[in-house]
Amino acid sequence: MKLFSETAKKKRHRSDSIDSLANFRQNLPVYAYRTELLRAIRSPKIVLVTASTGSGKSTQIPAYLIDSEHVMAVTQPRRVAATTLAQRVAHEHQGIVGHQIGYRVRFDDCTRSDTQLTYVTDGMLLREAMVDPLLRKYSIIFLDEAHERSLQTDILLGVVQRARKSRQQSYSRRPLQIVVMSATLQVQTFEDFFGKENVVRIEIPGRQFPVQMLYTSVPAEDYMEATLATILQIHTHEEAGDVLVFLPGQEEIEDLATLLRGNTVSQLLANGVLICLLYAALPPEAQLAAFAEKPEGCRRKIILATNIAETSVTLPAIRYVVDTGKHKLRQILATGMDSLTVESVSQAQAAQRAGRAGRIGPGLCFRLYTEDAFERLDPDSLPEILRVGLAQVILQLKGMGVQDPTTFDFVTPPDTSSLVRAAKLLYALGAVNDAMELTDYGKKLAKLPLDPVFGHLLLKSAEYSCTSEMLTAVAVLSAENVFYRPTTGEVIAKAAAAHRRFASHEGDLPTFLNVYQAWEREASYHSRVLHGEWCQRNFVSGRSLGRAYHVRQQLRSTCLRPAEKNGLGMDVNVTCGKDRESFLKCAAAGLFLQVASRTKAETEIDSRGNETVSIHPTSTMFGRHPAPACVVFTELVTTKKTYIRGVTQIREEWLHEVAPVFYPK
DNA sequence: CTCTCCCTT
């Protein structure tokens with residue numbers, strides 16, 4: 001099978017030689033726009049900078065204003081971007097990161113009181129806005145990667161706009177300048193948001209090598225088969241160069257890897273081909289191969305990746321991209337149900353994927369769909385704010401003094417039904433009163449960097465004397481992917497056996513406690529290296545548990561800090577010890593809105609909306625006969641079936657005791 | 001009989 005009749009136009013551009021640092025900076029596309037940029041930033045108008053990859057916008061533009069009177073923040077959607085950009089800019093200015101130029105991300109503050117330019121995550125700046133909604137510390141805020149339309153960036157756009165207007169109204173205050181940096185496609189959205197008369201647009205060309213697009217002539221019926229055929233075609237007909245393949249998820253990646261390593265195919269590929277896998281849940285040591293130099297004798301690397309390779313990580317030396325045009329998308333449906341399904345990507349996303357082939361030289365992108373199909377794709381991806389539950393966002397906004405979220409200036413306003421659903425949840429938790437005003441309890445919840453339901457679970461622990469245990473449970477829940485589950489090979493059984501040793505018959509929350517406590521014991525007895533071995537042997541993610549550890553420390557300190565110092569003044573060491581019933585009752589009290597009970601079929605479970613759901617196969621409660629009579633769960637999501645995850649057994653009669661308003665009688 | 005990715009003083 002050969003899907004692509006056209007082959008590469010054999011033309012090679014010479015890549016740039018390495019310049020000195022000063023030359024390097026002056027040769028960046030953005031340098032030619034220096035004067036224009038500075039004039040725009042000093043003007044009273046908001047600046048919209050559009051530039052694609054390789055222009056140097058994120059490192060250079062803020063740095064042009066270093067040594068001025070300005071105090072600046074540059075926001076990034078991802079932690080790694082914030083930290084590495086700060087390090088690079090500090091280096092380019094012969095400085096040490098954390099002095100004049102620094103970064104601030106969760107768990108890691110690398111700034112001083114006199115830091116002039118701080119790279120931050122958008123979430124971090126949002127937290128700062130909860131303390132000071134006018135963001136008085138800053139005179140310029142750069143919102144980078146705004147075209148990604150992440151939830152946090154979108155909210156921040158409204159928050160900085162609000163701060164700017166409010167500071168304009170008072171002459172005594174320093175004005176706030178806003179610079180939005182985005183890829184070209186979304187610029188109209190931002191111009192509409194701020195108003196055409198209020199903005200200056202500056203367009204900077206990127207510096208990317210050309211990428212030639214190839215489409216299939218007929219629609220590929222099976223994208224797995226099409227992917228396999230295309231990889232073989234590239235390997236046999238195209239010259240040297242690494243291949244990056246975009247697939248929807250772990251399952252497809254591992255299946256394809258098995259096919260590629262299979263006898264027939266590996267003979268076709270011949271020797272010297274290295275298959276690398278790349279998805280977020282893959283252990284770091286298994287991810288390394290994708291980033292490392294090719295080993296001796298290896299002629300071509302084929303990387304099978306999820307959309308992690310779209311924006312989150314940069315892979316060196318990619319010359320060929322194979323795009324299935326598919327990704328997994330999580331979204332809330334009109335019914336309020338969460339779904340996670342394979343969907344087509346947008347044109348903007350397809351362009352981003354193709355661009356990964358043009359970083360070192362001219363590239364080729366094999367799209368496993370017709371050009372016609374491409375034209376029919378949505379131009380832009382759906383902004384995250386339209387796809388997720390908004391309870392936490394509404395809580396944050398109320399914490400900033402936005403009483404009525406419908407009056408908030410959203411870049412794209414969410415549906416009223418979505419706002420209503422979030423408001424109902426906050427009301428049920430007691431975070432807002434009948435007038436939809438934040439209650440004292442709501443103010444407490446807003447202090448916790450957690451989903452309000454998990455915050456509620458944690459705060460309830462004081463009543464059930466299990467705060468130490470709940471701190472651990474919500475920390476592990478926030479970390480995700482604690483158990484590593486390979487999907488192919490003989491390790492499946494090994495992993496399952498290892499996981500079984502942590503399993504509690506009471507359900508997933510107690511199981512999380514078991515694995516965290518075992519890991520922590522190991523950490524105090526052994527060196528880091530042994531600790532890593534312990535994780536590998538038990539198929540648990542050291543990375544996730546490490547994250548859970550940091551989250552737990554942070555939550556613990558917020559809970560411990562007295563109320564007058566913006567904390568919650570709780571006794572964080574209170575523990576239920578061997579008394580599991582207190583812990584399970586607390587789970588019931590915290591998750592009282594997420595209850596399911598056994599139906600007559602005895603294998604399936606009926607959730608509160610009288611809808612039949614199944615226990616997710618990753619749950620320790622999966623496959624129990626008979627199914628538990630009554631459970632609470634942390635997550636409800638539809639894939640091929642509707643599943644509940646984070647399942648914990650409770651007694652139905654507890655419900656009246658723990659949530660009498662909702663379970664009268 | 002199986003979840004894409006990211007983030008929070």
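These values consider heavy atoms only, across backbone and side chains, with no hydrogens, waters or symmetry-generated copies. Proteins get letters first, then strands, A, B, ... in listed order; numbering begins at 1 in each.
- Among the atoms of the strands shown, none is found under 4.0 Å from any heavy atom of A:R104.
- A:F408 meets the ring pair (Phe, Tyr, Trp, His ring centres under 6.0 Å) test with A:F410; sequence neighbours excluded.
- In this structure, a donor-acceptor pair under 3.5 Å is absent between the side chains of A:T620 and A:D508.
- Within the structure, salt bridge (Lys or Arg N to Asp or Glu O under 4.0 Å) pairs that include any residue of residues 334-345 of chain A comprise A:R330-A:D338 (at least two apart or interchain).
- Scored by the salt bridge (charged side-chain N to carboxylate O under 4.0 Å, His left out) test, A:R136 finds A:D132 as partners (sequence neighbours excluded).
- With respect to A:R104 and A:E128, a salt bridge is recorded, a charged nitrogen being found less than 4.0 Å from a carboxylate O.
- Contacts with DNA chain B (heavy atom under 4.0 Å) in residues 323-350 of chain A: A:K328, A:R330, A:L340, listed by number.
- Where A:K641 and A:N481 each meet DNA chain B at their nearest nucleotide, the meeting point lying more 5' is that of A:K641.
- Residue contacts for A:E635: at a heavy-atom cut-off of 4.0 Å it reaches a base atom on one of the strands shown.
- For A:E490, there are no side-chain hydrogen bond (donor to acceptor under 3.5 Å, both in side chains) partners at least two apart in sequence or on another chain.
- Sequence neighbours left out, the pairs with a member in residues 141-160 of chain A that pass salt bridge (Lys or Arg N to Asp or Glu O under 4.0 Å) are A:K57-A:D144, A:R78-A:E148, A:R149-A:D154.
- Listed by chain and number, the residues in a ring pair (Phe, Tyr, Trp, His ring centres under 6.0 Å) with A:F539 amount to none (sequence neighbours excluded).
- A:Y369 is linked by a ring pair (Phe, Tyr, Trp, His ring centres under 6.0 Å) to nothing, counting only residues two or more places apart in sequence or in another chain.
- Comparing A:F622 and A:E384 along DNA chain B, the residue whose closest nucleotide (by nearest heavy atom) sits nearer the 5' end is A:F622.
- Listed by first and then second residue, the ring pair (Phe, Tyr, Trp, His ring centres under 6.0 Å) pairs that reach into residues 440-461 of chain A are A:Y441-A:H456, A:H456-A:F592, sequence neighbours excluded.
- Here the side chain of A:P449 is nearest to one of B:dT8, B:dC1, B:dC5, namely B:dT8.
- Across all strands shown, A:E148 has no heavy atoms under 4.0 Å from either base or sugar-phosphate atoms.
- Spacing between atom CZ of A:R547 and atom P of B:dC5 amounts to 11 Å, rounded to whole angstrom units.
- Backbone-only engagement by A:T306 is indicated by non-hydrogen atom pairs under 4.0 Å involving sugar-phosphate atoms exclusively.
- Considering only residues two or more places apart in sequence or on other chains, A:F622 meets the ring pair (Phe, Tyr, Trp, His ring centres under 6.0 Å) condition with none of them.
- Less than 4.0 Å separates DNA chain B from at least one heavy atom of each of the following residues of residues 105-120 of chain A: A:V105, A:R106.
- Contacts with DNA chain B (heavy atom under 4.0 Å) in residues 556-563 of chain A: none are found.
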